[in-house]
Novice: 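Before we start, here is the structure in question, set down as structure tokens.
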Amino acid sequence: MNLTLEAIRILDTIDRKGSFAAAAVALDRVPSALTYSVRKLEEDLDVLLFDRRGHRAKLTTAGQELLTEGRHLLRAADELEQRVKRTASGWEVELRIVLDSIIPFKKMLPLIREFDEQGSGTQLRFSTEVLSGVWETLTSGAADLAIGVSSDGPEIVRGSGDFRVRPLGEVDWVFAVAPGHPLAGMPDPLAPQLVQQYRAVAAGDSGRFLPSVSAGLLTGQATLTVPDIHEKLKAQLAGLGCGHLPRKWAAPYLASGELIEKQTIEIKPTGLPQYAWRTSSRGKCLKWFLNKLADPDVQRALLAE
């Protein structure tokens, strides 16, 4: 006989139960059938798999190697069976969600906890990108759902009809600097020509192929580019530059005096946070998350400080 999953399962059961007789009971087979299967496998492989000299069935070194690697195959086969069953029931095997850095992953934890109660078996995979990097992940097929995208997307999104985009809520932006920053003591409103003289802190666009997106930067302004908006907040608290921040994020530091709000003549960043997905995706898991994202309470929680 060729090496089969059934043969590996027999070896696994004999090893776990300690004898051919006990394994036969567990597998609802007669002991002679298991003995025949093992002897046939040993003949085909031309190796001895069990040391039969004691009372307990003990694997030889070759048998142990076969079973160790064979158990990986058994797990893979079981996982494949479960994935097929989930797919047939309408639940995805995996849902890939990409977040813009304006949505901290910790804000997704209550939704994940609630989704687990569905018992779907769908695996969730999260990643974080910045600005056009979020769209790039969705349009390349590396994600099924994007949360926090800040524009209407590239032409492939606007013109193809292959994607749907919905508003997630509004973000009130505040221009803020540390108390020791030169702009802190200057009279409001700050003219663009004045702001341009001082370095801005910007969250770096993580996209590699789509045109880069920047928000709130003036032409010719020196820039300190940081990984994401969380680090942008830290840099501005440290007095390393100026720029717009979500008011809800900045509020505690404005209240404590660690940041100073300044009025500017320049228009605040535009582009409301949105969520987007492929129209071809119809699984129950995606539908569950889309239903939640349409809830105003969930939207407010995701965009909170």
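Along the sequence shown, residues carry numbers from 1. In this text the structure is predicted, and so the values were computed from the model without any measurement.
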Novice: Please report the shortest heavy-atom distance between Pro182 and Tyr198, naming the atom on each side.
Specialist: CB-CE2, 3.5 Å

Novice: Does Lys234 pair with Glu231 as a salt bridge, N-O distance under 4.0 Å?
Specialist: yes

Novice: Please report the closest heavy-atom contact between Lys17 and Ala22, naming both atoms and the distance.
Specialist: CB-CB, 3.7 Å

Novice: May I have the step-by-step check of side chain to side chain contact (heavy atoms under 4.5 Å, CB included) for Arg29 and Ser37, ending in yes or no?
Specialist: CA-CA 11 Å; Arg29 305 271 291 276; Ser37 295; 4.0 Å; yes

Novice: Does the plane of the ring in Phe105 sit parallel, tilted or perpendicular to the ring in Phe126? Use 30° and 60° as the thresholds.
Specialist: perpendicular

Novice: Do Leu48 and Leu34 sit in one hydrophobic cluster, given that two such residues count as connected whenever their side-chain heavy atoms are within less than 4.5 Å of each other, even indirectly?
Specialist: no

Novice: Report the distance from atom NE2 of His230 to atom OG1 of Thr128, rounding to the nearest 0.5 Å.
Specialist: 7.0 Å

Novice: Taking Asp100 for the side chain and Leu131 for the main chain, is one N or O donor matched with an acceptor at less than 3.5 Å?
Specialist: yes

Novice: Do Thr137 and Ser206 have side-chain heavy atoms sitting under 4.5 Å apart?
Specialist: no

Novice: Using only atom types and a distance under 3.5 Å, with no angle test, would you say the side chain of Glu261 pairs donor to acceptor with the backbone of Leu254?
Specialist: no

Novice: Any salt bridge between Arg9 and Asp12, counting N to O under 4.0 Å?
Specialist: no

Novice: Short question: side chain of Lys262, backbone of Phe175 - any donor-acceptor pair under 3.5 Å?
Specialist: no

Novice: Between Phe50 and Phe20 (judged by ring centroids, cut-off 6.0 Å), do the two rings come close enough to count as a pair?
Specialist: yes

Novice: Is there side-chain contact between Asp15 and Thr13, with at least one heavy-atom pair below 4.5 Å?
Specialist: no

Novice: Tell me the closest heavy-atom pair linking Trp91 and Phe115, and the distance in Å.
Specialist: CZ3-CE1, 3.8 Å

Novice: Taking all atoms of both residues into account, what is the closest heavy-atom pair of Lys292 and Val298, and its distance?
Specialist: O-CB, 3.3 Å

Novice: Just wondering, do Leu290 and Leu145 contact through their side chains at under 4.5 Å, heavy atoms?
Specialist: yes

Novice: Go through the side-chain N and O atoms of Glu258 and Ser256 and say whether any donor and acceptor fall under 3.5 Å apart.
Specialist: yes

Novice: Counting distance only, does the side-chain N/O of Lys248 pair as donor-acceptor with the main-chain N or O of Val171 below 3.5 Å?
Specialist: no

Novice: Using a cut-off of 6.0 Å, state whether more than 12 heavy atoms not belonging to Arg16 lie near its atom CZ.
Specialist: yes

Novice: Counting N and O atoms only, with roles assigned by atom type, does the side chain of Gln221 sit under 3.5 Å from a partner on the main chain of Gln197, one being a donor and the other an acceptor?
Specialist: no

Novice: Kindly compute the distance separating CH2 (Trp288) from CG (Leu293), expressed to the nearest 0.5 Å.
Specialist: 9.0 Å

Novice: If two hydrophobic side chains count as joined below 4.5 Å and joins carry through other members, does Val201 share a cluster with Leu233?
Specialist: no

Novice: When hydrophobic residues are tied together by side-chain contacts of less than 4.5 Å, even through go-betweens, does Leu99 share a cluster with Leu286?
Specialist: yes

Novice: Does Thr223 use its side chain to pair, donor to acceptor, with the backbone of Ala200 at less than 3.5 Å?
Specialist: no

Novice: For the atom pair CD (Glu65) and CG (Leu49), what is the distance rounded to the nearest 0.5 Å?
Specialist: 12.0 Å

Novice: Please answer whether the main-chain N or O of Leu138 pairs with a side-chain N or O of Arg278 as donor and acceptor at a distance below 3.5 Å.
Specialist: yes

Novice: Out of Ile102, Ile229, Asp228, which residue meets the side chain to side chain contact (heavy atoms under 4.5 Å, CB included) rule with Val130?
Specialist: Asp228

Novice: Look only at the side chain of Thr122 and the backbone of Glu92, and say whether a donor-acceptor pair between them is shorter than 3.5 Å.
Specialist: yes

Novice: Within this structure, what is the OG1-CD1 distance for the pair Thr4 and Ile10, rounded to the nearest 0.5 Å?
Specialist: 7.0 Å

Novice: Taking it one step at a time, do Met186 and Leu183 satisfy side chain to side chain contact (heavy atoms under 4.5 Å, CB included)?
Specialist: CA-CA 5 Å; Met186 295 185 180; Leu183 290 175; 3.8 Å; yes

Novice: Cluster question for you: counting only ILVMFWY and a side-chain heavy-atom cut-off of under 4.5 Å, with indirect links fine, are Val38 and Val30 together?
Specialist: no

Novice: Do the side chain of Glu94 and the main chain of Gln123 share a donor and acceptor less than 3.5 angstrom apart?
Specialist: no

Novice: State plainly whether one hydrophobic cluster holds both Val226 and Tyr253, where clusters connect Ile, Leu, Val, Met, Phe, Trp and Tyr through side-chain heavy atoms under 4.5 angstrom apart.
Specialist: no

Novice: Using side-chain heavy atoms (C-beta onward) and a distance below 4.5 Å, is Leu66 in contact with Val47?
Specialist: no

Novice: Side chain of Arg96, backbone of Gly141: donor and acceptor closer than 3.5 Å?
Specialist: yes

Novice: Can you see which heavy atom on Ala178 is nearest to which on Leu237, and at what distance?
Specialist: CB-O, 3.8 Å

Novice: At what distance, to the nearest 0.5 angstrom, does CZ of Arg125 lie from CD1 of Ile97?
Specialist: 12.0 Å

Novice: Dump the intermediate steps for side chain to side chain contact (heavy atoms under 4.5 Å, CB included) on Leu259 and Leu245, then the final yes or no.
Specialist: CA-CA 11 Å; Leu259 285 176; Leu245 294 165; 4.0 Å; yes

Novice: Roughly how far, to the nearest 0.5 Å, is the NZ atom of Lys106 from the CG atom of Leu302?
Specialist: 12.5 Å

Novice: Start with the C-alpha gap between Met108 and Leu111, add the side-chain angles, then the distance that decides, and say whether side chain to side chain contact (heavy atoms under 4.5 Å, CB included) holds.
Specialist: CA-CA 5 Å; Met108 298 299 299; Leu111 283 180; 3.9 Å; yes

Novice: Closest heavy-atom contact between Gly169 and Leu272?
Specialist: O-CB, 3.8 Å

